[in-house]
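Some notes on the structure that comes next.
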Amino acid sequence: MLYHSHAYVVAHTLSLIEFVVGAYYVPEAWKVHPDGVWGSLFRLNYRTSTIFAVLTLCFYLIRVAAMVQSGPNFSLLIETEKRDEHVLIESGCYAVLRHPAYFGWFWRTFCSQLIVANPLCFLFHTTATWLFFKDRIPYEESLLVSDDFFGEKYEAYRRGTPVGIPFIS
């Protein structure tokens, strides 16, 4: 996934730069304001880092569980032609979330920047990831709802199962 796309490499490079600059060049007094939301949310300490690390791991495990559960149905690339072994999975993770692997990836990205207290990259990564899924999910679902894939069966599944990413229905 390191070479997923140019934007992905840029995002992770900026994250590393922000962390190093913040850790070594920003005075401690500038990093947090005791009364501000950013101060309490982005204060890097054992407790907050541990909470966000556990959440990051949980969301990553949701992604992995979804990938394992979908077996040969899973692909990093959107498949435009249905293969014989393609089936609509509606159990396990997929009974609760329509795109559990995407859900896990989005929320892992969200929490991972909170671990290292990167407020700028937190906004950048969350926005970039959200925009990625805002485009990808409707395109993928337009294929899945077509008669070439699952048609009305997917439409019924889609109506009853949320995505789990804010503002993407």
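Computed over heavy atoms, backbone and side chain alike; hydrogens, waters and symmetry mates excluded. What you see is a predicted model; the values in this text were computed from it and never measured.
Looking at Phe59 and Phe110, their side chains never come closer than 4.5 Å, going by heavy atoms from C-beta outward. With contacts defined as side-chain heavy-atom distances shorter than 4.5 Å, the pair Tyr139/Ile78 qualifies.
Note that CG of Leu114 and OG1 of Thr56 are 7.5 Å apart. Values are rounded to the nearest 0.5 Å. In this structure, CZ in Phe103 is found 12.0 Å from CD1 in Ile168, a value given to the nearest 0.5 Å. One distance of note links CD of Glu140 with CG of Leu77; it measures 11.0 Å at 0.5 Å rounding. Taking CE of Met67 as the reference point, atom OG of Ser75 lies at 10.0 Å (rounded to 0.5 Å). To the nearest 0.5 Å, atom CG of residue Leu120 and atom CZ of residue Phe19 are 14.5 Å apart. Put simply, OG on Ser146 and OH on Tyr154 are 11.5 Å apart, with the number rounded to the nearest 0.5 Å.
Under a 3.5 Å cut-off, the side chain of Thr127 and the backbone N or O of Phe124 do not form any donor-acceptor pair. Here the side chain of Glu18 pairs a donor or acceptor atom with the backbone of Cys121 at under 3.5 angstrom. Within the 3.5 Å criterion, the main-chain N or O of Phe132 finds no donor-acceptor partner in the side chain of Asp135.
Under the salt bridge (Lys or Arg N to Asp or Glu O under 4.0 Å) criterion, the residue pairs touching residues 84-96 are Arg83-Glu85, with sequence neighbours excluded. Pairs engaging residues 91-111 under the salt bridge (Lys or Arg N to Asp or Glu O under 4.0 Å) rule: Arg98-Glu141 [sequence neighbours left out].
Both Trp130 and Leu123 are assigned to one and the same hydrophobic cluster, defined by single-linkage of ILVMFWY side chains at heavy-atom distances under 4.5 Å. Both Ile62 and Ile51 are members of a single hydrophobic cluster when ILVMFWY side chains are connected at heavy-atom separations under 4.5 Å. One hydrophobic cluster, built from ILVMFWY side chains closer than 4.5 Å, cannot hold both Ile115 and Leu61; they sit in different ones. One hydrophobic cluster, built from ILVMFWY side chains closer than 4.5 Å, holds both Ile165 and Leu55.
Surrounding NZ of Lys82 are more than 12 heavy atoms belonging to other residues, nucleotides or ligands, all under 6.0 Å away.
When all heavy atoms are compared, the tightest approach of Ala66 to Ala101 is CB-N, 3.6 Å. Tyr157 approaches Leu97 most closely through the heavy-atom pair OH-O, 3.3 Å. Minimum interatomic distance between Thr129 and Phe106 (heavy atoms only, all atoms of both residues): CG2-CD1, 3.7 Å. Taking every heavy atom of both residues into account, Tyr94 and Pro100 meet most closely at CE2-CD, 3.4 Å. When all heavy atoms are compared, the tightest approach of Leu76 to Phe74 is CD2-CE2, 3.8 Å. The heavy-atom pair separating Leu144 from Phe149 by the smallest distance is O-CB, 3.6 Å.
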Quick one, Val96 with Thr161, criterion side chain to side chain contact (heavy atoms under 4.5 Å, CB included). Give me CA distance, side-chain angles, the key distance, then yes/no. CA-CA 6 Å; Val96 179; Thr161 315; over 6 Å; no
What do the steps show when you test Leu143 against Thr80 for side chain to side chain contact (heavy atoms under 4.5 Å, CB included), and what is the final call? CA-CA 7 Å; Leu143 295 170; Thr80 57; 4.1 Å; yes
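Considering only residues two or more places apart in sequence or on other chains, Glu81 meets the side-chain contact (heavy atoms from CB on, under 4.5 Å) condition with none of them.
Between Tyr102 and Trp107, the distance from one ring center to the other does not fall under 6.0 angstrom. For Trp105 and Tyr60, the ring centers sit 6.0 Å or farther from each other.
Side-chain atoms of Thr126 and Gln113 include no donor-acceptor pair closer than 3.5 Å.
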